[in-house]
Trainee: 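To start, I am sharing the structure in question, which I have written as structure tokens.
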Amino acid sequence: MIALFFATEKECELIINSLSNKQFFSIKTVSFIKGKIKDVDLLLCISGIGKTSATLASVICFEKFSIKGTIVSGIGGAYPSSGLDIGSIVVAEKEIFADEGLLRNCNANIDSFIFLNSEEILLYVPHFLKTLPKGTFLTVSSCTGNLERAIFLEKNFNGICENMEGAAVAKVCEIYKIPCIEIRSISNIVTDRAELLSLKEISKASMIVQKFILEHIKLFEESL
Ligand SMILES: O=C(O)c1cccc(C(=O)CC[C@H]2O[C@@H](n3cnc4c(=O)[nH]cnc43)[C@H](O)[C@@H]2O)c1
């Protein structure tokens with residue numbers, strides 16, 4: 001069975017609607033939906049937002065079910081120099097915990113932050129995804145809404161996309177020796193912003209990667 005991780009239900013509505021033989025259940029507050037798409041056995045997990053939720057969900061998932069491969073998906077923010085646009089689909093080659101350390105001041109210079117954990121976790125990129133934009137993803141504890149900080153993070157790590165769960169699921173997969181693919185669609189460019197994304201923006205961007213996963217589910221299964 002393949003495990004599919006999304007942070008929120010909004011980000012996986014299309015996939016939920018496409019599952020046949022659906023079984024809904026929850027374990028220790030984590031929501032799971034078991035079902036099939038094109039004869040592929042799937043376990044959809046709605047982890048909740050952030051590293052803690054993602055870690056809990058993935059540990060529960062791998063302890064309770066026999067999982068041969070994992071796909072982490074949803075939306076993400078593109079760093080300004082990445083060349084990515086809203087709606088682009090992007091694949092992670094590696095994930096980095098990008099904001100664990102000592103924040104010395106709120107400037108974005110090299111001395112402003114001392115990193116404690118900037119461990120890199122390698123993701124699996126199957127052959128059929130190699131033509132998509134790919135690179136380093138950064139997992140952060142809060143969405144970056146400041147251009148200076150965005151430039152600092154992308155330069156420091158050569159990052160192209162940020163999100164809030166990827167490194168956590170990838171790390172758990174590494175420990176359980178389960179291959180992990182991360183593929184997201186871009187919902188926003190990481191820059192100065194004063195407001196959260198609207199439900200419409202989240203829904204529109206997340207449709208794109210869900211459609212891609214549905215169209216290629218057999219290829220995902222064959223490669224995992
Ligand atoms: O970014 C927002 O303004 C926002 C506000 C309310 C809800 C959400 C979500 O449900 C999505 C959160 C989900 O998306 C990933 N994400 C998307 N954009 C970014 C970003 O610029 N920086 C970090 N993470 C981002 C993240 O994985 C969240 O779980 C979003």
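In each ligand, atom 1 is the first atom listed, and ligand 1 is the first ligand listed.
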Trainee: Out of curiosity, Ser88 OG to Leu132 CG, how far, rounded to the nearest 0.5 Å?
Mentor: 10.0 Å

Trainee: Show me which atoms of ligand 1 lie under 4.0 Å from any heavy atom of Cys143.
Mentor: 1 (O), 19 (C), 20 (C), 22 (N), 23 (C), 24 (N), 25 (C)

Trainee: Hey, which atoms in ligand 1 end up nearer than 4.0 Å to a heavy atom of Gly76?
Mentor: 16 (N), 17 (C), 18 (N)

Trainee: Would you call Lys51-Glu100 a salt bridge at under 4.0 Å N-O?
Mentor: yes

Trainee: Can you list the ligand 1 atoms lying under 4.0 Å from a non-hydrogen atom of Ser187?
Mentor: 17 (C), 18 (N)

Trainee: Is the shortest side-chain N to carboxylate O distance from Lys177 to Glu174 below 4.0 Å?
Mentor: no

Trainee: If you take the nearest heavy atom of each of Asn188, Val190, Thr191, Ile49, which one is closest to atom 21 (O) of ligand 1?
Mentor: Asn188

Trainee: To the nearest 0.1 Å, how far is atom 3 (O) of ligand 1 from its closest protein heavy atom, and which atom is that?
Mentor: Leu197 N, 2.4 Å

Trainee: What are the atoms of ligand 1, with element, lying closer than 4.0 Å to any heavy atom of Thr8?
Mentor: 10 (O)

Trainee: About how many Å separate OG of Ser73 and CG of Leu44, when rounded to the nearest 0.5 Å?
Mentor: 10.0 Å

Trainee: Would you mind telling me if ligand 1 is within reach of the side chain of Asn163, the backbone, both or neither, using heavy atoms under 4.0 Å?
Mentor: both

Trainee: Do the ring centers of Phe115 and Phe97 come within less than 6.0 Å of each other?
Mentor: no

Trainee: Which residue owns the protein heavy atom closest to atom 20 (C) of ligand 1, what's the atom, and how far is it?
Mentor: Glu162 OE2, 3.5 Å

Trainee: Under 4.0 Å, heavy-atom basis, I'd like to know which part of Arg184 is in contact with ligand 1: side chain, backbone, both or neither.
Mentor: side chain

Trainee: Just heavy atoms, cut-off under 4.0 Å: does Glu201 contact ligand 1 by side chain, backbone, both, or neither?
Mentor: neither

Trainee: I'd like to know if Glu182 and Arg184 make a salt bridge, using a cut-off of under 4.0 Å between side-chain N and carboxylate O.
Mentor: yes

Trainee: Determine, using heavy atoms of Arg193 and all atoms of ligand 1, whether some pair is separated by less than 4.0 Å.
Mentor: yes

Trainee: Using a 4.0 Å cut-off to any heavy atom of Ala7, which atoms of ligand 1 qualify?
Mentor: 29 (O)

Trainee: Is the shortest distance from a Lys or Arg side-chain nitrogen in Glu120 or Lys171 to a carboxylate oxygen in the other one below 4.0 Å?
Mentor: no

Trainee: Pull out every atom of ligand 1 sitting under 4.0 Å from any heavy atom of Gly77, numbered as shown with elements.
Mentor: 18 (N), 19 (C), 20 (C), 21 (O)

Trainee: Test Cys173 against every option in Ile67, Ile181, Thr70 by the side-chain contact (heavy atoms from CB on, under 4.5 Å) rule and name the one that passes.
Mentor: Thr70

